[in-house]
Structure formats: C-alpha cells, structure tokens
K.L.:
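One structure follows; several queries about it will come next.
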Amino acid sequence: MWGVLRQKVCAGGLPGMYIRPAVAAFRNYSSSAKQMMVREALNSALDEEMSADHRVFLMGEEVGEYQGAYKISKGLLEKYGPERVLDTPITEAGFTGIGVGAAYYGLRPVVEFMTFNFSMQAIDHIINSAAKSNYMSAGQISVPIVFRGPNGAAAGVGAQHSQCYAAWYGSCPGLKVLSPYSSEDARGLLKAAIRDPDPVVFLENELLYGESFPVSDEVLDSSFCLPIGKAKIEREGKDVTITAYSKMVGFALKAAEMLSKEGISAEVINLRSIRPLDRSTINASVRKTNRLVTVEEGFPQHGVGAEICTSVIEESFGYLDAPVERIAGADVPMPYAANLERMAVPQVEDIVRAAKRACYRSVPMAATA
Amino acid sequence: MATLLLGRSRSAIQNLLKRTALLSALTHSPPPSSSAASHVGCRYRAPPSQGNRSLAVLFPFSRHESTKAQIQLQQTHLAEDDDTQVQLDEVLDFPGGKVAFTSEMRFIPESAEKRVPCYRVLNDDGVPMPYSNYVKVSKEMAVKMYSAMVTLQTMDNVFYELQRQGRISFYLTSMGEEAVNIASAAALSADDVILPQYREPGVLLWRGFTLQEFANQLMGNEADFGKGKQMPIHYGSNKHNYITISSPIATQLPQAAGVAYALKMEGGKACAVTYFGDGASSEGDFHAAMNFAAVMEAPVIFICRNNGWAISTPIEEQFRSDGVVVKGRAYGIRSIRVDGNDTLAVYSAVRTAREMAVNENRPVLIEALTYRAGHHSTSDDSTKYRSIDEIEYWKKARNPVNRFKRWLESNEWWGDEDELKLRQSVKKELLQAIQVAEKAQKPALEELFRDVYDQVPSNLEGQERQLRETIKKHIGDYPSDVPL
C-alpha cells in the first residue's frame, strides 16, 4: 500500500524527469559496441511492448519503485506510471490471480515472480486457471499473460531459491514455456511471449542477467520477434548433438570449444522453447550426427532431457550410433555450501566427458555426471 | 479485561452520541442523485445499545465522499481509539497515517460484544419490517424475479433427478439460495462481469441463459458453449459476461479483483462481481483478494453466501470470527451482513453496493446469511452429518421463495393460478430441453484437440492424425458416438 501511494506521489511530483527513450539509449550503446546485457534486453523488450500496446502492464513485488529485484523493470514506472507498473502486496497467489483475471478481461499482464521458486505459491492460478481456461471455455476465454522471472540455480542461495521449473511447467498443456539464453533470445522471445494469445511461462536466469552478448541491428529493431517453438542451432557440428537451454547453452558452447580441440565437432542446439518443443530440429540434428547429449540444470527424473530422449527414440532410433547421454542436476534439493552446490549442477567437464563417451565410448556408461 | 471494558463503555456512549448527532446531520443533507445511494442513510440508525461495534458500522459513512486511501487510514487510525482517553496532541506520525497514543493498555477484544446484525426487509411471513428501508421494486420486476426463482427451483429438481437416473455424471443444486442468486443478479447491470463459484446458476438464468443452454452444458453436447470440455454445472458464457466456473475453491476471488482492475483501467461504468461460500473464506485466495482489491481500489463486489455448511464442515469449525462480514474491515473494505433469504434485502444491498463500487472505485463485501437446503452435490448425502429437522426447518419456515411469494401475494401481484401456470410451463420446457439436449450430437473428435491453445500446435495435429488412423484401423474398439 505504501509503495503504491508513494508511487502516485512520485509520478505526480516528478513530471517526466526520468523519462528517457530506453530503446534509443540501448541502440546507441550497442551501435558502438554491438553488445547488450540480458538485463537490458529484457528491459527494452518490456519497454517496447508496453509502448506498442496499452493493454500490456507489469505487476509483481518490487517491480515499480524498486525497479525490480534484479532491475529488469528499470525506468518503466517513470515512463508508464503506477497504473501500468504495479507494485503489489506480497501474495503470489493474489497477484497471479489478479493477473489471470485481468487477462480474462482483455488486458495483457506481465507477472514478475521474484524467483520462479515463489511461483509455487501461485501455481493453482497458473495451471488450473491460466493454462486451462481457454480449453474449458472452448475458446471463449483466452488468457494472454506472461509469467516471468529468474529460474534455476543462482549461486549460494540454497534449495528454495535454486530450482528449475522447465519440466514442471513444460508438462502442462495450455502453457507455452520459453527459456532464453542470450540477449537476442531475451529480446525476441519476451516480445513474442507478450504478443502471444496464450499464457507463457518465461524462465530467465539470474546469473545471465549481467552477461553481455553481441547483438545485430535486426535484434535491436523494435519489430524484432522470435518464433515460439523454434530452437536455434548455436553452433553447427557433425559428430554429436548437444541440446541445452538457458545458462547451460553457454556451458554446452564451452564444451563444444574444448571438444573441437580434440577433433570432435559438436552441434549445439539452444532449445529456446521448452513447450512447444522443437522436435524436428532436434531429430534432424541427431540424424546428422547420430549421437545425442542432453543438458539441463533441473532434476533428471521426468525432465526436459527425458522428453528429448523419448522424442529421438520414437523418431530417430535407427539413426543412433550410441546411447543417449543425459546431463542433469543431481537428484537432490540444492545444497548451500559452495563445494556441494558445485557438485549438484552440471559442469562443462561433465558435458565434455559425456560427448566423448557418446563418440568413443571410452568411458564407462555408469559414470554419468 | 472486565474493568477495562467497563471503564471505556461510558466514554463509548458519549462518543456515540456525538457521532450520531454528526451523522444525522449528514443523513439529512440532500440525497445524491443516484437512487440507491439515498437508501444508505437507513444504516445510520443503529441504536446506541450496540456499543463499540456500531462505530464500525457508522464510521465508514462519515467518510463516504473520501476516495483518498491515505485520508481514510489517517481517520481510521485515530477513530480506533476515539472511545478511550486519546491524547490528541500526542500523535505518532507513522508511514501511512497518524496514530493517536493512549496511556490505556487495552487489547482489542477477539469479538465485539454483539454480533453484527443482519439487514432484512421482509420478515418470515413476507411482511415488510417496520421502518424498513430498501430499494423499491416494481410489480413487473418483482414478478420477473419471483418467476426466475421458481424456474431455478424447478430446474434444480428436474436436473437433480436426471443425475439420479444416471443420465448426467454430476449435479449441484442451489436449493435454499434462490434469493441470493436471483436478487443479486437483478440488482446488477448486464455489463458487470460475474466470476461465480458454482452455486449461482440463477445469475446466468437471470441474464438470459436458456433452459436449453443449461441442458446442453449438462449433457456436454455439440451445442454446449464449452463443447463438452467442462464438467456439469461449470457453465460459462461470454455473451452473458459470466466467466466459466473454476472448480478449485476461491480462485475466482483474486481473479475478480483482476477483472475489476481491468474494468477500472478501461474507465467504464461496470464492476466485477464474485460469489463464494463460507468455506471459501478460509482459503488463502480470499485473503489475498480482499487485500489486493482494497489496495488497488478495484470496483469488485464480493458476495459471500454463508450457507452454514462447507460440504460437511459447519461454520463453527470453519472460523472463530463473527462470520465473514467482520473480515472486511480488517482489509479496509466496506461490508454488510444481509438476510440472504430475503429477496428485497439482497436486492437493495447489492444495488447499493454496486453504486459504491462503480462510482467510488472500491471493493464491497456482502455476507448473505442463507442455508444450503440441498446436499452439497450429487456426491453427498448431508443427512449423515446434519439433522433432517434442521434441513426441514430451513426448507419450510425460512424458505426464501415462499417468503417473497407471500409479499407478492400481499400486494395482489400474484395468485394461485399464476403459480400453477408458471410451474407447469417451466417443467414442460425443461423436459423438452432435456430431450433435445440428449438427442443432440456429441462434440466431434477434433474438439478433443481444439482450444488447448489459440492455434492448434503441430504436436497436437500429429496426435489427432495418429488417433484418426488408429480409429480407422480398429473401428470396433472405439465408441460410435464420436463424430469423426
């Protein structure tokens, strides 16, 4: 309440002082360096979509005055006012339900979770209402909403702040689930998510927010948008396919670099979309390389890797020259101690070893991860 | 505690006298242009004997015109301690408003001395209470409301039997709650968006959903608006501004605040209206919704049908508070308790609440005291946990339909012949609707895969293709009533 009141006062008291064309600023910045941080990519995508469509609004804890727990919403309150950048009381089930209701009535809410771990307190609204309403009403009620926030393991914050929800939300029909890696992904996928008529779960990664990536002029254009359901081949190769999403794409690329020094050409697929899953890109790659390593930070059981493996077994079994390798997080809640935490999440070396096993079968199978 | 209470009762009365004088001045000021708002005044006539609590009822209206949340809080915080020895010169300038200091150490009691009274217009015999103040209802409107109540009652009887005969999988009646259903619906505008729980089909009926459309939904046939995708009684209709019913309890409450927020941003003259039971008030969603609606100043009416039972859980096992109405104040929400079996009282309260919500952009909580005269659903036999005498008492002595009928009869607006004719024609229409709905074609196979998303994704197209091929190969293994 106090936040909202304060905002109103501030918004009235500081007419346009901090208003600046965020997009233009980024464009200038990038035209000299052609680099953009993921944080800026998300911020500019939000800014552009809010500017293009008055129905888009942002809500969540600390998104306004505080500019987001990770500063993703920086400058948006000043620009769009407290009606469209809504600081909410601390009740995930409350603001998620309100977002869903607003979407029922034609607005396009972007709901920020401080971390996706906290979306568990609102999962009923996400699954039972957002994901199912269009179906249950036979198309009478669409729910154009985006649930976004950091997902997966951060660093040193323990079990309740470090979990990947890709497999959870990915298992639910009615939802679309996206997970960006680079700044290009972040911009293009978030814009696609906001424009999409269906509910989208948008899984970001805290550790990537501060990373910079090269971006092209096309990516910086306000009309830029990526297709939902399409993976990106980040690096072409011919000996083994490595699938990954979010932070693990970076690990897979590093692994591919190391493998190349040993004469192994790895193809790295950045999934981008967990649901719908781009099965055809994955299968086409496996049919070319005949080997597959899946990488994810989440738990192994019923995970994204398991689904990819099934798809390949179903569609390209005859093409496989080696058993599929699955790299995943350890099957335990995330420990806090740094040494144990490192052991619980995939490392670049794990991916390298798995790829080598798939190529040479020089390492015993049981030694996965 | 006892001495503390005694100590403050004197000052409480003095205070009340001061306030009632102030308020009577307010009520005698010329009424606002809106018809319903002029009836607000009747609530100010709380007898001084109600003590401390009447302040709670009275005070909000003294700031009726105020829309600034901050001012409200400031006043409320000061008013809290009005009846103690307030040292007005010593005030805590706290974030959000000033709070007066007091030297008296007094815990706020867990309950008021008397329970919040229940606003009613008609007594059990359908005779208006002396001095009753309510929104006038024309003959035409009254007859329409009564006819809808009888239709709802008949519909429940016939559809309930349909389920008992095994022709539909599930049903749930609104018996005993016909007045809350119909009178609240009649008090609203067609633009108001309804987020129902599941015991409010009367609202949809009032808005023009036909008996045939009800039957289609129960049968899940091709004509059903939901194309057979939602279980029986989970009605929904865009054109009637009635959001498809959600099974998990209380999810509709924060969603209603969200719809209200969207309506407010749109700048129209409509509100969101959501219904729930006494049991739902225990859900976290209820508390989240109340708090958010207050903070967001969302035009939403929360209508609680406190019907005494949440399946088999009686209200004394549901909460220790004086029902649901008192919870409104904790969230800064205006609230009223109303006799839910009194059609005129429900109508008046909802009409007035709607004026407040729409004109002042604020949430309002209405607790309607009623009784679930039927079983919870067709999966329940309530005689296992409550006495038949209790059920019969509410069905007969406190029947909302009969009570309203007596009032109509006393006005000579309704007679035995009208009654017979109405009941016969509704029953006939229902039986015909069932026949038509039962014979109608079931949803086609493609409906299985439609509407999961706005556009059918390729994996679902693949699944559909695969299913069709399998059916073609093994036609005998599949039911014949699925149009391919």
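Chain letters run A, B, ... following the sequence lines, proteins first and then strands; every chain starts at 1.
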K.L.:
Could you give the distance from CD (B:Glu266) to OH (A:Tyr105), rounded to the nearest 0.5 Å?
P.N.:
4.5 Å
K.L.:
Short question: side chain of A:Tyr135, backbone of B:Tyr453 - any donor-acceptor pair under 3.5 Å?
P.N.:
no
K.L.:
I'd like to know if the side chain of B:Tyr261 reaches the main chain of A:Glu83, judged simply by a donor and an acceptor atom lying under 3.5 Å from each other, with no hydrogens or angles considered.
P.N.:
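Yes, because the side chain of B:Tyr261 sits within donor-acceptor range (under 3.5 Å) of the backbone of A:Glu83.
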K.L.:
Go through B:Pro443, B:Ala262, B:Ala288 and name the one with the most non-hydrogen pairs under 4.5 angstrom from chain A.
P.N.:
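Maximum pair count with chain A is reached by B:Ala262.
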K.L.:
To the nearest 0.5 angstrom, please state how far the CG atom of B:Leu263 sits from the CG atom of A:Leu107.
P.N.:
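B:Leu263 CG to A:Leu107 CG: 9.0 Å, rounded to 0.5 Å.
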K.L.:
Are there residues of residues 223-234 of chain B that reach to under 4.5 Å of chain A by heavy atoms, and which ones?
P.N.:
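Under the 4.5 Å heavy-atom cut-off, B:Phe225, B:Gly226, B:Lys227, B:Lys229, B:Gln230 qualify.
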K.L.:
Please flag which part of A:Ser133 lies under 4.5 Å from any non-hydrogen atom of chain B: side chain, backbone, both or neither.
P.N.:
neither
K.L.:
Quick one: OG on A:Ser137 to CG on B:Asp451, what's the gap to the nearest 0.5 Å?
P.N.:
7.0 Å
K.L.:
Are the side chain of B:Asp454 and the backbone of A:Asp198 linked by a donor-acceptor contact shorter than 3.5 Å?
P.N.:
no
K.L.:
Is A:Arg108 close to chain B through its backbone or its side chain, or both, or neither, when contacts mean heavy atoms under 4.5 Å?
P.N.:
neither
K.L.:
Before you tell me yes or no, could you show the steps for B:Thr244 and A:Gln140 under side-chain hydrogen bond (donor to acceptor under 3.5 Å, both in side chains), namely the whole-Å CA-CA distance, both residues' side-chain angles and the distance that decides it to 0.1 Å?
P.N.:
CA-CA 9 Å; B:Thr244 304; A:Gln140 291 186 89; 4.7 Å; no
K.L.:
Enter the distance from B:Ser458:OG to A:Arg279:CZ here, rounded to the nearest 0.5 Å.
P.N.:
8.5 Å
K.L.:
Between A:Asn134 and chain B, which part of the residue has a heavy atom less than 4.5 Å away: side chain, backbone, both or neither?
P.N.:
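Its backbone and side chain both get close to chain B.
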